[in-house]
K.L.:
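Below is one structure. I have some questions about it.
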Amino acid sequence: MRTMAEAFPALPASLRWLPVWRRNLLVWRKLALASLLSNIADPLFFLLGLGFGIGSFVGELQGLPYIAFIGTGMVCQSAMFTASFEGMYSAFSRMFVQRTWDAIINAPIALDDVVLAEWIWAATKSLISTIAILLVLLTLGYGHTWLALWVLPLGLLIGLVYGGFGLIMTALAPGYDFFTYFFTLVITPTLLLSGVYYPVEQMPTALQAVGYALPLSHAVDLVRPLLAGRIPGSIALHLAVLAAYAGATFGVALVLTRRRLLS
């Protein structure tokens, strides 16, 4: 029974995580301008370079100009990068370097509340990044449909998935260099196999199977039609896969963090 409880930890039942989340928000507000600038400038350069550069050779993909095709993929890409970075580098700094977590759990706030707050904060940063990318797309003349509003909760869900992955790495990391493994072995293959830059259907069958097993491909399959003004297919399946990944990664992160800091 004890092993089962550790393998499937319950979410904290209180709202004590909320002040921790608010604390992260207040700190971020001091650096908000630089953070937002990077969230807008990086994808804008990619869109202009790849969209108009490679796009002049590619033409249209799935009925979309290549700049719109890649732009919809970059909404998901940016959400993934932002949540992963927040769940790893920022959370690790607060946990290990600055010892912020130690100070917080000396108050009447449990470690589970802190981990939950970090998870939701990573998703919040992902949502902010999603909004920034959408503004870029709207400025370029794409995504002008009311269905684009549904992309915002999807950005939050993507943030929960990759924020969970980031917290797993934080619980295992001896130092910042450890995160290179995640970016090299997880993020890079995910970008190349999830349909961000080209359709998954154009890859060999074996790689297609790998691509469809990755959470980002399900996010792309939802976001791209929405920004094109169409209702996605298999909505329940895509949402179920993303929700399953989010719950599983948070559960594993919680178990590993407990073992690292409480054992």
K.L.:
For atom CZ of R230, is the number of surrounding heavy atoms from other residues, nucleotides or ligands below 6.0 Å larger than 12?
P.N.:
yes

K.L.:
Say you draw a straight line from CE of M95 to CG of D102; how long is it, rounded to the nearest 0.5 Å?
P.N.:
9.0 Å

K.L.:
Can you measure from CD1 (I158) to CG (L222) and round to the nearest 0.5 angstrom?
P.N.:
8.5 Å

K.L.:
Kindly indicate whether the side chain of T72, heavy atoms from C-beta on, has any atom under 4.5 Å from the side chain of V151.
P.N.:
no

K.L.:
Do S78 and T130 come within less than 4.5 Å of each other through their side chains, counting heavy atoms only?
P.N.:
no

K.L.:
Can a donor-acceptor pair be found between the side chains of T100 and R94 at a distance below 3.5 Å?
P.N.:
no

K.L.:
Checking side-chain polar atoms at under 3.5 Å, does T82 have a donor or acceptor matched by the opposite partner on S126?
P.N.:
no

K.L.:
Answer yes or no: is there a side-chain heavy-atom contact under 4.5 Å between P199 and F69?
P.N.:
yes

K.L.:
For H238 and A219, indicate whether the former's side chain and the latter's backbone hold a donor-acceptor pair under 3.5 Å.
P.N.:
no

K.L.:
Nearest heavy-atom pair of G71 and I133: which atoms, and what distance?
P.N.:
O-CG2, 4.5 Å

K.L.:
What side-chain donor-acceptor pairs closer than 3.5 Å can you find for residues 173-186, not counting sequence neighbours?
P.N.:
from, atom 1, to, atom 2, distance (Å)
Y176, OH, S93, OG, 2.5
T180, OG1, D177, O, 3.1
T184, OG1, T180, O, 2.9

K.L.:
Can you name the closest pair of heavy atoms from T190 and L214 and give their distance?
P.N.:
CA-CD1, 3.9 Å

K.L.:
Do any N or O atoms from the side chain of R16 and from the backbone of V114 form a donor-acceptor pair under 3.5 angstrom?
P.N.:
no

K.L.:
Would you kindly say whether S194 and S217 are connected by a side-chain donor-acceptor distance under 3.5 Å?
P.N.:
no

K.L.:
Could you tell me the separation between the OG1 atom of T257 and the CG atom of L262, rounded to the nearest 0.5 Å?
P.N.:
9.0 Å

K.L.:
Under 3.5 Å, is there a donor-acceptor pair linking the side chains of W101 and E118?
P.N.:
yes

K.L.:
Measure from the side-chain N and O atoms of D113 to the backbone N and O of A110, and report whether any donor-acceptor pair falls under 3.5 Å.
P.N.:
yes

K.L.:
Hey, does L192 have a side-chain heavy atom less than 4.5 Å from the side chain of Y198?
P.N.:
yes

K.L.:
Do any N or O atoms from the side chain of W119 and from the backbone of L160 form a donor-acceptor pair under 3.5 angstrom?
P.N.:
yes

K.L.:
Please check: side-chain N/O of T249 versus main-chain N/O of A246, any donor-acceptor pairing under 3.5 Å?
P.N.:
yes

K.L.:
Can you tell if the side chain of R23 reaches within under 4.5 Å of the side chain of V27, non-hydrogen atoms only?
P.N.:
yes

K.L.:
Between H218 and Y212, is there a donor-acceptor pair closer than 3.5 Å when you use the side chain of the first and the backbone of the second?
P.N.:
yes

K.L.:
Would you indicate whether the side-chain heavy atoms of L134 and L152 approach each other to under 4.5 Å?
P.N.:
yes

K.L.:
Rounded to the nearest 0.5 Å, what separates atom CD1 in I67 from atom CG in L140?
P.N.:
5.0 Å

K.L.:
Does the side chain of I168 come within less than 4.5 Å of F250's, by heavy atoms?
P.N.:
no

K.L.:
Under the ring pair (Phe, Tyr, Trp, His ring centres under 6.0 Å) rule, collect the residues that match up with F165, sequence neighbours excluded.
P.N.:
Y162

K.L.:
So how far is it from M169 CE to L256 CG, rounded to the nearest 0.5 Å?
P.N.:
10.5 Å

K.L.:
If you define the side chain from C-beta out and look only at heavy atoms, does anything of D112 sit under 4.5 Å from R258?
P.N.:
yes

